[in-house]
Amino acid sequence: MDAFTAGIMQRIRNTESNLHRAREAGDVYAIDVEQAELEDLRRIAAEHGVHVASCGAASA
């Protein structure tokens, strides 16, 4: 796994974790922010050929 793939996957895992915590807390604003960030990260990953599955699992 190259540095880009490792980095984007770590950011996706962190964002998924933040999104989970926001949902547990019922923080609607944080949910929106984290969901938008997650969508952006997944788009960037896809544009670079990084397959992202649920829960941060991936293969290049």
Side-chain angles (χ1 to χ4, degrees):
M1 180 180 303
D2 63 27
F4 173 80
T5 301
I8 196 92
M9 294 311 302
Q10 184 61 50
R11 289 184 62 192
I12 288 170
R13 282 189 295 272
N14 291 344
T15 303
E16 287 176 333
S17 179
N18 292 343
L19 179 57
H20 178 74
R21 282 194 299 273
R23 286 179 175 155
E24 283 183 338
D27 186 338
V28 176
Y29 176 75
I31 291 169
D32 287 346
V33 169
E34 298 301 337
Q35 187 64 49
E37 178 72 8
L38 188 56
E39 289 169 6
D40 286 344
L41 290 169
R42 287 179 174 165
R43 177 187 49 78
I44 292 166
E47 288 174 356
H48 289 86
V50 177
H51 174 70
V52 178
S54 181
C55 301
S59 60

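Quick note: numbers below take in every heavy atom, side chains included, and nothing from hydrogens, waters or symmetry partners.
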Is T15 reaching over with its side chain to a backbone N or O of R11, donor-acceptor style, under 3.5 angstrom?
yes
When rounded to the nearest 0.5 angstrom, what distance separates CZ in R42 from CD1 in I8?
11.5 Å
CG/L41 to CD/E34 distance, rounded to the nearest 0.5 angstrom?
9.5 Å
Nearest-0.5 Å distance that lies between atom CE in M9 and atom CG in N14
11.0 Å
State the CD1-CD1 distance between I44 and I12, to the nearest 0.5 angstrom.
9.0 Å
Given R43 and E39, is the salt bridge (Lys or Arg N to Asp or Glu O under 4.0 Å) satisfied, shown in steps?
CA-CA 6 Å; R43 177 187 49 78; E39 289 169 6; over 6 Å; no
List the atom of I31, the atom of L19, and the distance in Å for their closest heavy-atom pair.
O-CD1, 3.7 Å
CD (Q35) and CD (E16) are apart, to the nearest 0.5 Å, by 9.5 Å
Walk me through whether H20 and E24 qualify under side chain to side chain contact (heavy atoms under 4.5 Å, CB included).
CA-CA 6 Å; H20 178 74; E24 283 183 338; 2.9 Å; yes
Check: E37 and V33 side chains under 4.5 Å, non-hydrogen atoms
no
